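Atoms within each ligand, like the ligands themselves, are counted from 1 in listed order. Fair warning: this is a prediction, and the values are worked out from it, not measured in the lab.
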Amino acid sequence: MRLPSITAIALVATLGAGIAHAESPKLKQKDTYKVGFAQTESNNPWRIAETRSMQEVAKSCGWNLVYTDAGGSAAKQVADVESMIAQKVDLIVLAPREEKPLIPAVMKAKKAGIPVILIDRNVDQKLAGAGKDYVTFIGSDFIDQGRRAGEWLVKATGGKGKIVELEGTTGSSPANNRKKGFDDLVAKHAGMKVVASQSGDFARDKGRQVMQTLLQAHPDVTAVYAHNDEMAIGAIAALEAAGKKPGQDVIVVSIDGTRDALTAIAAGKMGATVQSSPFFGPVTCDTARKFAKGDQIPAWVKVEDKFYDKSNAQASMADGY
Ligand code: AHR
C-alpha cells in the first residue's frame, strides 16, 4: 500500500458554530480509550485508506481500536455496533453504509450511554440529529462534490452531452447527495441530458458491468459521471471493450482522487476527479479530544476537498491512495 503525502493526510476541517450536547452521551477525559470503528466494507482503495488512517491515528491518540468490517452489509454493520456496545467501548466511530438502516445502531449506542461520531457518511437527518443522538458528522459536502463534477463537465463539453450516471450504493448519503448536486447543475443546461442513471454500488467491476449494459441501450453516450473513481475506472474498461476512446469519444468525470484515477487523468483517459478525502484519523482524534474536554462541537465538521484535472493530476500523484 502506497503512503499518502503529508498534505493528503492533513485534512482541512472547517469548524462552524458549536452546538450543545445536552442529550447525547458524554466522553470522559482519559489517557486511553477503547474505541470501536465500524467500517462498511473493504472493497476499494478509498475504504482501505480510511481504515489505515484510523488504525494509524489510534496509536498516537491513545485508542485501543476495536475494528469491524461489515463486508457491504448494513445488517452486519448494525450487529457490529451491537457487539461494540456489549464490549463496553468508550466511543463508537461509525461510517454508516446507508442512511436509514444504521439508525437503530446509533439509537442503541445512545441508550447504552456510548457517544457515536459519524465519519465519512451520514445518517438520515429526519431520524437522528447531531448533539442529540450522535456527537457530530465529520465528512465532505457530497452535494458540492456532485456540483463541482457537473461544473467541470459543462465547461469541458461546452454544455452539450448525453450522460450516463453511475450511482454509488443505493440509500447511502454520498450516492443520494452526489446525484443531487450533479443532476441539479446539469438540469440548468438545456444541451445536457442524463440518459441513464444506475447504481454500480461504488465497485469497479459492478461499474464496468453496468456501463457495458447501458452502452448497448445508449451507444451514442458522450459523457460518464461516476459517483466514485472505482466505477469510473470500470466504465473506462467497458468503453474500451466497446471500441470507444475514453477521454476523446466519451468524457469521464468522477469523485475520490485515487491513485488510479490520477493516473487515468494523466494518461488522458479520464477528465477530472473531485477529491473525497478518506483521511479521517487525525480529525476524528482531534474532535474526540475536544468533545471529552467539553468543547462545543459543530453538528458537521466539514472536510474540504481538492480537485484534479489534467493541469495538476501528474504533479499531485502523491495525494493519491
Ligand atoms: O463514502 C465515501 C464513498 O464510499 C467513496 O467515494 C467511495 O469510494 C466509498 O466506497
Inset, instruction - For Asn228, counting its heavy atoms only, list the atoms of ligand 1 lying under 4.0 Å from any of them. - result: 6 (O), 7 (C), 8 (O)

Inset, instruction - Output yes when the distance from some N or O of ligand 1 to some N or O of Asp256 is under 3.5 Å, and no in every other case. - result: yes

Inset, instruction - Return yes if some donor-acceptor pair links the side-chain N/O of Asn228 with the main-chain N/O of Ile255 below 3.5 Å, else return no. - result: no

Legend entry - Any Glu230 heavy atom less than 4.0 Å from ligand 1: no

Inset, instruction - Find all atoms of ligand 1 within a distance of less than 4.0 Å from any non-hydrogen atom belonging to Pro174, and give their numbers and elements. - result: 1 (O)

Legend entry - Derivation of the side chain to side chain contact (heavy atoms under 4.5 Å, CB included) call for Val89 and Val35: CA-CA 6 Å; Val89 297; Val35 176; over 6 Å; no

Legend entry - Backbone of Ala38 reached by a side-chain donor or acceptor of Gln77 within 3.5 Å: yes

Inset, instruction - Go through ligand 1 atom by atom and flag the ones less than 4.0 Å from a non-hydrogen atom of Arg178. - result: 5 (C), 6 (O)

Inset, instruction - Give a yes or no answer on whether the side chain of Ser276 reaches the backbone of Asp256 with a donor-acceptor pair at less than 3.5 Å. - result: no

Inset, instruction - May I ask you to check whether Trp46 has an N/O atom sitting below 3.5 Å from an N/O atom of ligand 1? - result: no

Inset, instruction - Within a distance under 4.0 Å of any heavy atom of Arg121, pick out the atoms of ligand 1 and give their elements. - result: 1 (O), 3 (C), 4 (O), 9 (C), 10 (O)

Inset, instruction - Starting from atom 10 (O) of ligand 1, find the nearest protein heavy-atom neighbour and note its residue, name and distance. - result: Asn44 ND2, 3.1 Å

Inset, instruction - Considering only non-hydrogen protein atoms, determine which one is nearest to atom 9 (C) of ligand 1 and report residue, atom name and distance to 0.1 Å. - result: Arg47 NH2, 3.4 Å

Inset, instruction - Report yes or no: does Thr51 contribute a side-chain atom to a donor-acceptor pair with the main-chain N or O of Ile48 at less than 3.5 Å? - result: no

Legend entry - Heavy-atom check, side chain of Thr157 versus side chain of Thr222, under 4.5 Å: no

Legend entry - Close approach of Gln145 to ligand 1, heavy atoms, under 4.0 angstrom: no

Legend entry - Distance-only N or O hit between ligand 1 and Ser276, under 3.5 Å: no

Inset, instruction - Would you check the N or O atoms of His227, main chain and side chain alike, for any that come under 3.5 Å of an N or O of ligand 1? - result: no

Inset, instruction - Please report which non-hydrogen protein atom sits nearest to atom 1 (O) of ligand 1, along with the residue it belongs to and the distance in Å to one decimal place. - result: Asp120 OD1, 2.6 Å

